[in-house]
Protein chains: 2
Amino acid sequence: MTYQTALPALADPTRRRVFERLRHGPRSVGEIAKGLPVSRPAVSQHLKVLKEAGLVDDHADGTRRVYYIDPKGLAALRRWLDQFWDDALEAFRAEVESDKEKE
Amino acid sequence: MTYQTALPALADPTRRRVFERLRHGPRSVGEIAKGLPVSRPAVSQHLKVLKEAGLVDDHADGTRRVYYIDPKGLAALRRWLDQFWDDALEAFRAEVESDKEKE
DNA sequence: ACTTACTGTAAGTAATGACTTACCAAACGG
DNA sequence: CCGTTTGGTAAGTCATTACTTACAGTAAGT
């Protein structure tokens with residue numbers, strides 16, 4: 001049920017840019033911050049939110065911290081979204097059906 | 001590319017509750033608002049945001065307005081999420097591979 | 001026509017949250 | 001050791017936004 005924290009985490013544009021920088025592999029905080037229009041502490045705060053949402057994880061590497069995507073958060077989002085999708089389509093099908101009966 | 005508006009739209013808990021009330025079929029504004037802990041105008045505002053995000057649509061029915069889920073928004077979200085998922089897995093695979101070479 | 005039912009909009013408020021600078025801690029290299 | 005690199009945290013600020021009440025509009029019923 002972590003989609004409830006994952007959705008707000010991915011709602012902010014710059015935080016999404018932080019997240020998307022990990023899309024093709026692990027990066028250190030400095031590498032992530034480089035090129036972004038916000039300060040490095042801001043990036044740290046975004047990473048904290050993403051981590052609490054189960055979207056990223058990290059491990060130490062000397063004085064640096066390497067962040068990488070944690071599949072857990074994305075998986076939870078996908079489950080919620082797919083379930084919703086199925087329900088919505090089924091509801092739509094049922095709607096068409098009941099409309100037919102009225103004729 | 002509407003996932004950029006769909007994500008913030010689904011980030012708010014009460015707005016998500018509004019959206020989820022349409023999960024199993026169309027509802028009028030009054031029906032949606034009934035039982036929710038916020039006022040009816042608040043629900044109207046949430047519906048406006050959801051509509052601008054392509055997540056819902058509506059049509060008139062007398063003095064009432066019936067809202068229903070618009071698959072466009074959900075589809076856009078799914079595309080983005082699936083693409084992200086694929087990239088993340090591929091990156092993970094490549095990471096494991098490059099780690100092997102180091103040994 | 002006149003009331004009733006239903007909904008969207010305006011305006012104002014309070015809370016949330018994204019950002020900044022300043023500071024502190026930990027690990028590496030000379 | 002000591003300076004440098006790296007990154008997390010604290011405190012404060014500003015903008016966003018979710019909510020309220022009040023109002024306006026439109027369609028149906030009598």
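So you know, we letter chains A, B, ... as the sequences are listed, proteins then strands, and number each from 1.
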> Considering only heavy atoms and no angle criterion, is a donor-acceptor pair shorter than 3.5 Å present between the side chain of A:Q45 and the base of C:dT20?
Replying inline: yes

> Taking for each residue the nucleotide of DNA chain C with the nearest heavy atom, is it A:G62 or A:T14 whose nucleotide lies nearer the 5' end?
Replying inline: A:T14

> Does the side chain of A:H46 get closer than 4.0 angstrom to OP1 or OP2 of C:dC19 through an N or O atom?
Replying inline: yes

> Between B:D82 and A:R78, is a salt bridge (charged side-chain N to carboxylate O under 4.0 Å, His left out) present by the stated rule, with each step listed?
Replying inline: CA-CA 8 Å; B:D82 286 349; A:R78 270 164 55 101; 2.6 Å; yes

> Nearest to the side chain of A:R65, which nucleotide is it out of C:dC19, D:dG7, D:dT9?
Replying inline: D:dG7

>> If you apply the rule ring pair (Phe, Tyr, Trp, His ring centres under 6.0 Å), what do you find for A:H59 with A:Y68, and how did you get there?
In response: CA-CA 9 Å; A:H59 61 77; A:Y68 49 92; 5.5 Å; yes

> Roughly, in whole Å, what's the span from CZ in B:R16 to P in D:dA18?
Replying inline: 12 Å

> Think B:S28 has a side-chain N or O under 4.0 angstrom from the OP1 or OP2 of C:dC6?
Replying inline: no

>> Nearest whole Å is fine: how far is D:dT6 P from A:H59 NE2?
In response: 17 Å

>> Between C1' on D:dG7 and NZ on A:K34, what's the gap in Å once rounded to a whole number?
In response: 15 Å

>> salt bridge (charged side-chain N to carboxylate O under 4.0 Å, His left out), that's the test. Do B:R93 and B:E90 meet it? Break it down for me.
In response: CA-CA 5 Å; B:R93 193 201 57 76; B:E90 165 62 17; 3.1 Å; yes

> Using a cut-off of less than 4.0 Å, is there contact between a side-chain N or O of B:Y67 and OP1 or OP2 of C:dC6?
Replying inline: no

> Starting at the 5' end of DNA chain D and moving along, which residue's nearest nucleotide shows up first, A:K48 or A:R64?
Replying inline: A:R64

> Is the distance from OP1 or OP2 of C:dT7 to the nearest side-chain N or O of B:S44 less than 4.0 Å?
Replying inline: no

> In whole angstrom, what separates A:L10's CG from C:dA18's C1'?
Replying inline: 16 Å

> Rounding to a whole Å, what distance do you find between A:D58:CG and D:dG8:P?
Replying inline: 7 Å

> Whole-Å distance between D:dA18 P and B:E52 CD?
Replying inline: 12 Å

>> Whole angstroms only, please: what is the CD1-P distance between B:I32 and C:dG8?
In response: 9 Å

> Can the positive tip of B:R23 be found less than 6.0 Å from the middle of the six-membered ring of A:F84, inside 45° of the ring normal?
Replying inline: yes

>> From CG of A:L36 over to P of C:dA18, roughly how many Å is that when rounded to an integer?
In response: 15 Å

> When the nearest nucleotide of DNA chain C is assigned to A:D61 and to A:P41 on a heavy-atom basis, which residue is associated with the more 5' position?
Replying inline: A:P41

>> Please determine whether a side-chain nitrogen or oxygen atom of B:T63 lies at a distance below 4.0 Å from atom OP1 or OP2 of C:dT4.
In response: no

> Side chains of B:D58 and B:L47: closer than 4.5 Å at any heavy-atom pair?
Replying inline: no

> What does B:R40 touch in the nucleic acid at a heavy-atom separation under 4.0 angstrom: a base, only the sugar-phosphate, or nothing?
Replying inline: base

